Undergrad: 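Here it is: the structure, laid out below.
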Amino acid sequence: MYLEPRPGIAWPSPHLRELKDAVRALLGLDDDTAVIIRQLICGEVGRPSLETVVGVLPMDGEAHRWTLHRPAEQITENELRTTLLDHRPS
């Protein structure tokens, strides 16, 4: 059975899929680890109105989160690499 999104719900953009795939590759994640990328409204003064949160949720182990202060569509793979690898959780 093929499921379609509810009316008014858009499919994730191809760019979000590319970002998720890049996160998996950069961190060497297995298929059991969930990668979640969400755009949130940022209410902080002096920050862009949208920020992107990247979450990594392994089956066993601690969850990790990174925040990029720009919309997901503007994030490049280089920027993602820099953020994930320079601010690696311990």
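Since this is a predicted model, take the numbers as computed values, not measurements. FYI, the numbering just counts along the sequence from 1.
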Undergrad: Does Thr33 reach the side chain of Leu27, with side-chain heavy atoms less than 4.5 Å apart?
TA: no

Undergrad: Would you say that Glu77 contacts Arg81 through its side chain, given a criterion of any heavy-atom pair below 4.5 Å between the two side chains?
TA: yes

Undergrad: Would you compute the distance between atom OG1 of Thr67 and atom CG of Leu40 and round it to the nearest 0.5 angstrom?
TA: 8.0 Å

Undergrad: Quick check for you: to the nearest 0.5 Å, what is the distance between Lys20 atom NZ and Leu29 atom CG?
TA: 12.0 Å

Undergrad: Please say yes or no: joined through hydrophobic side-chain contacts below 4.5 Å, possibly via intermediate residues, are Leu85 and Leu19 part of one cluster?
TA: yes

Undergrad: At what distance, to the nearest 0.5 angstrom, does CD of Gln39 lie from CD1 of Ile75?
TA: 7.5 Å

Undergrad: Answer yes or no: does atom CG of Asp31 have more than 12 heavy-atom neighbours from other residues, nucleotides or ligands under 6.0 Å?
TA: no

Undergrad: Determine, stepwise, if the pair Val53 / Ile37 fulfils side-chain contact (heavy atoms from CB on, under 4.5 Å).
TA: CA-CA 6 Å; Val53 176; Ile37 299 179; over 6 Å; no

Undergrad: Name the one of Thr83, Ile36, Val35 that satisfies side chain to side chain contact (heavy atoms under 4.5 Å, CB included) with Val23?
TA: Val35

Undergrad: Roughly how far, to the nearest 0.5 Å, is the OG1 atom of Thr76 from the NE2 atom of His15?
TA: 8.0 Å

Undergrad: How far apart are the closest heavy atoms of Pro58 and Ala63, and which atoms are they?
TA: CD-CA, 4.1 Å

Undergrad: Tell me whether the count of non-hydrogen atoms from other residues, nucleotides or ligands lying under 6.0 Å of CD in Glu79 goes above 12.
TA: yes

Undergrad: Ala72 and Thr52: which non-hydrogen atoms are nearest, and at how many Å?
TA: N-OG1, 2.9 Å

Undergrad: For Trp66 and Val56, work out which heavy atoms get closest and say how close.
TA: CZ3-CG2, 3.5 Å

Undergrad: Is there side-chain contact between Ile41 and Leu50, with at least one heavy-atom pair below 4.5 Å?
TA: yes

Undergrad: So how far is it from Leu57 CG to Arg65 CZ, rounded to the nearest 0.5 Å?
TA: 11.5 Å

Undergrad: Mind checking the CD-CG spacing from Glu51 to Leu68? Nearest 0.5 Å is all I need.
TA: 9.0 Å

